[in-house]
Amino acid sequence: MSIDAIRLSDKDNVGVAIHDIAAGGTVELADIKLAARDPVPLGHKIALRHIRTGEKILKFGVPVGSATVDIPAGAHVHMHNVKSDYLTNREDHWE
Amino acid sequence: MQGYLRKDGRKGIRNHVAVAYLVECAHHVARAIASSFEEEGVQLIGFPGCYPSDYALAMMKQLCTHPNVGAVLLVSLGCEEFRRSELAELIAQSGRPVKIAVIQESGGTKGTIALGRDWVRKTLATIADVPRVPMSFADLLVGTECGGSDGTSGITANPAIGVAVDHLIDNGGSAMFEETCELLGCEAHMASRAATPELGREILRVMRKADDYYRDLEHGSFGGGNITGGLSTIEEKSIGAYAKSGTRPIAGLLTPGILPPKPGLYLMDMVNDGGVRFGIPNINDTATVVEMIACGCHMVLFSTGRGSVVGSAIAPVIKVCANPVTYRKLSEDMDVDAGRILEGRAGLAEVGQEIFDMIRAVASGVQTKSEALGHQEFILTYKTFEPLGPSCLPV
């Protein structure tokens, strides 16, 4: 059994990929097993359960933003479905 | 550890000659002088502005009397408004050889380069005699910075640096963390770690200032590389960055160029007072590194996920690489491979100990990767800070 992602706190609703994960792959954490719906690169977040719109994204056991849409378990959690509760940059940073 | 003893009692881990330009117009001449002594570790620093700045003068005073600096050549065009005599006098009083070379009075570019090189050559021989004395962790101040952060930074390199910072504090040493704009979301926790409730309130004040400043600016300290690396918000980046500060109490709040009055862990407020006046407070990682060095940092622990290669003038930079893939691409630029933690090849405590051991080695004269590669990044821009209130530095 290989570990693909880690959960930094028991409270977290996202895991962090410890290597690139392909869409459709089975993701294993210490005690969770789920299918990746999207490709999730190293260091990026994956939803460990269904996260409802407006719910806080919890990483390290603390909120790091809010879901802007419903995020299904196994989905890539990033700019397209999360917003900051602090500052939002108006510039487009994507290359 | 052995340090170079300075007149003010501080001890340096390097004995550099610094060549400092006092306006951009003198930069080329200063660079030409310094670059002919690259092997001898001569350092190039300076302030590009012509209009006078109390902040830049205060910063240059601290940088030119930094414990790692043994002598200073000031290169002036001649008509800039920098108060060069005041700076030179202070350097002389600190017991260091100093000379002002004024381009307009020294035969222009060629004449000044020749005069400068001559002075540096003689001075390198003079300062070789500065006594070295035993140095303990109580003599040491270490800065922490992250650059090119990604989703691995907050899991591997930053908490490993936090472990090293805890070791340093427990051994009587001092450390700094900074970039209040990259600590948004951590303010309540930081305030709870403050040595006094009054200091906690000061921390909340500067955090509010950072939040307001970047809202006015409409641009946070979060961008392209962070996003590509998997970070989605400034607060996600902040919580990862905050791990560099370890777990010990926060002894005080500094601004750039203010020396810590006693050993401990310090937070540096780097956001300009008085609203958005000169633009983005720190336009790159080097701006923050220079500010910590101006607070007296002997060296800087620099964590990177995406892969920054920067070093710094005056103080060595220890590069801690968070991401194992990046490490394989840039291993010649990285001092510590913290990505091993993700691959299960090392634990956090082990990498933290490795960083702590490296602090001791670098303080004893071992060169870091960026130092050996000749990195001397430096930048100083306009800013203003109000004096710190008594609650910021509790006795």
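Convention: sequence-line order gives letters A, B, ...; per-chain numbering from 1.
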Quiz item: For I6(A), is it the side chain, the backbone, both, or neither that has a heavy atom closer than 4.5 Å to a heavy atom of chain B?
Solution: side chain
Quiz prompt | Polar contact flag, side-chain donor to acceptor under 3.5 angstrom, D273(B)-T384(B) | solution = no
Quiz prompt | Engaged part of D85(A) at the chain B interface, taking heavy atoms whose separation is under 4.5 Å | solution = both
Quiz prompt | Residue part contacting chain A, namely of L231(B), when any heavy atom lies under 4.5 Å | solution = both
Exercise. Mind ranking L184(B), T233(B), L342(B) by heavy-atom pairs under 4.5 Å with chain A and telling me who comes out on top?
Key: T233(B)
Exercise. Kindly indicate whether the side chain of I379(B), heavy atoms from C-beta on, has any atom under 4.5 Å from the side chain of N284(B).
Key: yes
Quiz item: How are the rings of Y242(B) and H189(B) set to each other: parallel, tilted or perpendicular (split at 30° and 60°)?
Solution: perpendicular
Quiz item: Of all of G230(B), G151(B), G344(B), which one pairs up most often with chain A through heavy atoms under 4.5 Å apart?
Solution: G230(B)
Practice problem: Using non-hydrogen atoms and a 4.5 Å limit, figure out which bit of D211(B) sits close to chain A: side chain, backbone, both or neither. | Solution: both
Practice problem: Give a yes-or-no answer on whether the side chains of D166(B) and T247(B) include a donor-acceptor pair shorter than 3.5 Å. | Solution: yes
Self-check item: chain B contact via L42(A) - which portion, at a heavy-atom distance below 4.5 Å
Solution: both
Quiz item: Hey, which of D150(B), L217(B), T152(B), I155(B) has the most heavy atom pairs under 4.5 Å with chain A?
Solution: I155(B)
Quiz item: V77(A) versus chain B, heavy atoms under 4.5 Å apart: side chain, backbone, both or neither?
Solution: backbone
Exercise. Check whether more than 12 heavy atoms from other residues, nucleotides or ligands sit under 6.0 Å from atom CG of D10(A), and answer yes or no.
Key: no
Quiz item: Given a strict heavy-atom distance threshold of 4.5 Å, which part of N323(B) is in contact with chain A: side chain, backbone, both, or neither?
Solution: side chain
Quiz item: H44(A) and ring pair (Phe, Tyr, Trp, His ring centres under 6.0 Å): which partner among H19(A), H80(A), H76(A)?
Solution: H76(A)
Practice problem: Using a 4.5 Å cut-off on heavy atoms from C-beta on, say whether the side chain of V142(B) contacts that of M176(B). | Solution: no
